[in-house]
Amino acid sequence: MTHSFVLNIPDADLEPEPLAPEQILAGTPEVTGKVVWESHDGRQVRGIWQITPGVVTDTEADELFVVISGSATIEVEDGPTLKVGPGDLAVLREGDRTTWTVHETLRKAYAINL
């Protein structure tokens, strides 16, 4: 990053980020996203991510995110079930195996540490 910036999250243009077929459990969810900042060593990433309705699995990174729009239920294997919607801040631990049931197209701003 060469300077400070501001970005309107709801209006940001996102690029396709196809899911692996084995991640999709139900529906035809589509993922788009945009990395807006990455540290020089690649270990910190900030961005915007969106997913359309469906059910998908994932293995999480160390992530903090804020939901901008939409809603989902995130089931953490051997952990809690998180219900997220606009304005919610959530934290996922590295290695968490999750199942996301996306009820309405969900857009989030995130910070990931690798």
Side-chain angles (χ1 to χ4, degrees):
M1 180 170 78
T2 58
H3 52 81
S4 299
F5 65 94
V6 66
L7 179 66
N8 185 274
I9 297 168
D11 296 331
D13 290 328
L14 307 179
E15 299 293 325
E17 295 181 1
L19 291 163
E22 61 271 13
Q23 286 184 270
I24 301 171
L25 300 181
T28 55
E30 295 180 5
V31 171
T32 52
K34 178 177 189 160
V35 171
V36 298
W37 180 84
E38 186 173 341
S39 64
H40 292 293
D41 64 4
R43 295 183 47 81
Q44 297 180 34
V45 181
R46 311 295 185 250
I48 302 167
W49 185 84
Q50 180 171 287
I51 186 169
T52 61
V55 181
V56 300
T57 62
D58 199 10
T59 301
E60 303 299 336
D62 176 18
E63 178 180 3
L64 176 145
F65 67 87
V66 175
V67 177
I68 305 305
S69 59
S71 64
T73 302
I74 307 165
E75 296 175 60
V76 179
E77 186 177 286
D78 299 323
T81 296
L82 312 172
K83 294 180 187 239
V84 297
D88 288 337
L89 179 145
V91 175
L92 298 172
R93 294 177 311 158
E94 180 178 1
D96 277 349
R97 298 183 55 78
T98 57
T99 300
W100 290 64
T101 301
V102 180
H103 311 291
E104 299 173 77
T105 297
L106 182 133
R107 184 174 283 217
K108 67 180 182 176
Y110 65 84
I112 292 176
N113 295 314
L114 302 171

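We're numbering straight along the sequence, starting at 1. Given the structure is predicted, the values throughout are model-derived calculations rather than measurements.
With a 6.0 Å radius and a threshold of 12 heavy atoms from other residues, nucleotides or ligands, D13 has its CG atom at or below the threshold. Within 6.0 Å of CG on D78 lie no more than 12 heavy atoms contributed by other residues, nucleotides or ligands.
Rounded to the nearest 0.5 Å, atoms CG (D88) and NZ (K83) are 12.0 Å apart. Rounded to the nearest 0.5 Å, atoms NZ (K34) and CD1 (I9) are 11.5 Å apart. Note: Q50 CD to E15 CD = 12.5 Å, rounded to the nearest 0.5 Å. In this structure, H103 NE2 and T73 OG1 are separated by 3.0 Å, a value rounded to the nearest 0.5 Å.
Listed by chain and residue number, D96 satisfy the salt bridge (Lys or Arg N to Asp or Glu O under 4.0 Å) test with R93 (two or more places apart in sequence, or in another chain).
Of all non-hydrogen atoms in S69 and P86, the two that sit nearest each other are CA-CG, 4.1 Å. The minimum heavy-atom distance between A12 and I48, with the atom names listed, is CB-CD1, 3.6 Å. Here the closest non-hydrogen pair linking T105 and P53 is OG1-CD, 3.4 Å. In terms of heavy atoms, A109 sits closest to I68 at N-CG1, 4.1 Å. The nearest pair of heavy atoms linking R107 to L14 is NH2-CD1, 3.3 Å.
Looking only at distances, a side-chain donor or acceptor of T52 sits under 3.5 Å from a matching main-chain atom of E30.
In this structure, V56 shares a hydrophobic cluster with L19, I24, V31, V35, V45, W49, I51, F65, V67, I74, V76, L82, V84, L92, W100, V102, L106, Y110, I112, L114, the cluster being traced through Ile, Leu, Val, Met, Phe, Trp and Tyr side chains under 4.5 angstrom apart.
Applying the salt bridge (charged side-chain N to carboxylate O under 4.0 Å, His left out) definition to pairs two or more places apart or across chains, those involving residues 49-71 are E63-K108.
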